[in-house]
Amino acid sequence: MNNNDWLLIPGTLLLAFFANMMAFPDLFELLRLDLLLLVVLYWCISTPERVGVSVAWVLGLLTDVASGGLLGMMALIYALTAYSCLMLHQQVRMLPMFQQSLLVLVLLLAGKLLGYLLLVFFSRSPSATFWVAAVIGALAWPLLCGLFGQWRKESVHLL
């Protein structure tokens, strides 16, 4: 755990939140991934004592409010995904990046399944590209880990 994570964690979460809220053209809507959930998962694995279920729940609730979706849906998905990640964080740290990506894919697909069931229950139909975001998120996981790992190394050298 780095001393400068207290600034890096909220900064990355805030950037990811705003990135999730950005509007994209229809052409790129297929490539939209839940960057905020990926960042929450990264911090749950890297610093579980600082980012956990409560942070994930609050960010999910803010996402629900900002996006105008079902209130509490993203909060529930984020909290359950973060909880699952926290239960496995020590094992995940030891896995090679490919296996970490597979685990992230499973977590993202489980979150998508829960979201799909909630949408269907409330008579809303998800788009045809609903499941693609989980695969893109798993593919982006190594890039995110590399970028955040580099930022954390550089923040230690700045102190």
Side-chain angles (χ1 to χ4, degrees), residues 1-22 30-64 66-67 69 72-119 126 129-159:
M1 174 173 51
N2 298 334
N3 292 331
N4 209 23
D5 282 349
W6 65 271
L7 184 59
L8 189 59
I9 292 171
T12 55
L13 290 171
L14 190 64
L15 283 173
F17 176 77
F18 287 126
N20 269 14
M21 295 300 117
M22 287 177 51
L30 175 68
L31 301 176
R32 178 182 288 277
L33 69 142
D34 195 347
L35 186 60
L36 182 57
L37 183 56
L38 284 176
V39 173
V40 167
L41 291 179
Y42 176 82
W43 290 120
C44 283
I45 292 168
S46 297
T47 58
E49 66 280 354
R50 293 187 181 185
V51 177
V53 175
S54 58
V55 171
W57 184 81
V58 167
L59 290 170
L61 197 57
L62 288 172
T63 301
D64 286 332
S67 67
M73 183 178 92
M74 296 308 288
L76 178 65
I77 291 169
Y78 281 20
L80 289 176
T81 307
Y83 177 77
S84 301
C85 189
L86 286 170
M87 292 296 105
L88 301 169
H89 81 275
Q90 291 178 338
Q91 292 86 359
V92 174
R93 289 180 184 181
M94 307 313 272
L95 293 175
M97 192 54 64
F98 175 73
Q99 290 177 350
Q100 281 186 22
S101 295
L102 288 178
L103 179 67
V104 167
L105 176 63
V106 169
L107 290 172
L108 293 175
L109 284 173
K112 286 289 188 183
L113 178 63
L114 179 59
Y116 178 80
L117 293 174
L118 287 171
L119 287 173
T129 61
F130 184 76
W131 302 96
V132 176
V135 175
I136 293 174
L139 292 173
W141 181 255
L143 298 172
L144 184 101
C145 289
L147 179 67
F148 282 15
Q150 187 65 32
W151 282 352
R152 292 179 80 192
K153 287 178 190 173
E154 288 175 6
S155 69
V156 170
H157 295 297
L158 292 175
L159 296 177

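All values below come from the heavy atoms of this structure, side chains included, with hydrogens, waters and symmetry mates left out.
A donor atom on one side chain and an acceptor atom on the other are found under 3.5 Å apart for Thr12 and Trp43.
Side-chain atoms of Phe130 and Leu119, non-hydrogen and from C-beta on, do get closer than 4.5 Å to each other. Here the side chains of Tyr78 and Val53 are not in contact, with every heavy-atom distance at 4.5 Å or above. When side chains are defined from C-beta on, Trp141 counts as touching Leu144, because their heavy atoms get closer than 4.5 Å. Using a 4.5 Å heavy-atom cutoff, the side chains of Gln100 and Ile45 are not in contact. Contact check for Ser101 versus Leu139: no side-chain heavy atoms found under the 4.5 Å cut-off. Between Leu118 and Leu76, some side-chain heavy-atom pair lies under the 4.5 Å cut-off. No side-chain heavy atom of Pro48 sits less than 4.5 Å from a side-chain heavy atom of Met87. In this structure, the side chains of Leu105 and Leu109 come closer than 4.5 Å at one or more pairs of heavy atoms.
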Using side-chain contact (heavy atoms from CB on, under 4.5 Å), reason through Arg152 and Thr47 one step at a time and then give a plain yes or no. CA-CA 12 Å; Arg152 292 179 80 192; Thr47 58; 3.7 Å; yes
Candidate pair Val55 and Leu13, rule side-chain contact (heavy atoms from CB on, under 4.5 Å), full reasoning: CA-CA 10 Å; Val55 171; Leu13 290 171; 4.2 Å; yes
Applying side-chain contact (heavy atoms from CB on, under 4.5 Å), run through Leu113 and Leu117 and close with a yes or a no. CA-CA 6 Å; Leu113 178 63; Leu117 293 174; 4.3 Å; yes
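Between Met97 and Pro142, the shortest heavy-atom contact is CG-CB, 3.6 Å. Nearest approach of Ser67 to Met21, heavy atoms of both residues: N-SD, 4.3 Å. Scanning both residues, Ala56 and Val40, for their nearest heavy atoms gives CB-CG1, 3.8 Å. When all heavy atoms of Leu108 and Ala138 are compared, the closest pair comes out as CD1-N, 3.9 Å. For Leu33 against Asn20, the heavy-atom pair with the smallest separation is O-OD1, 3.6 Å. The heavy-atom pair separating Val39 from Ala16 by the smallest distance is CG2-CB, 3.7 Å.
To the nearest 0.5 Å, atoms CD1 (Ile77) and NZ (Lys112) are separated by 7.5 Å. Rounded to the nearest 0.5 angstrom, Arg50 CZ and Cys44 SG are separated by 13.5 Å. Atom-to-atom distance recorded for Cys85:SG and Leu37:CG is 9.0 Å, nearest 0.5 angstrom. The line from OG1 of Thr81 to CE of Met74 is 8.5 Å long, rounded to the nearest 0.5 Å. Put simply, OG1 on Thr63 and CE on Met73 are 10.5 Å apart, with the number rounded to the nearest 0.5 Å. Within the model, atoms CG of Leu107 and OG of Ser84 stand 6.0 Å from one another, a figure rounded to the nearest 0.5 Å.
The side chain to side chain contact (heavy atoms under 4.5 Å, CB included) check on Gln91 picks up Leu88, with sequence neighbours excluded. With sequence neighbours excluded, the residues satisfying ring pair (Phe, Tyr, Trp, His ring centres under 6.0 Å) with Tyr42 are Phe148.
Heavy atoms of other residues, nucleotides or ligands lying less than 6.0 angstrom from OH of Tyr116 number 12 at most.
Listed for the Arg93 side chain is a donor-acceptor partner under 3.5 Å among the backbone atoms of Ser46.
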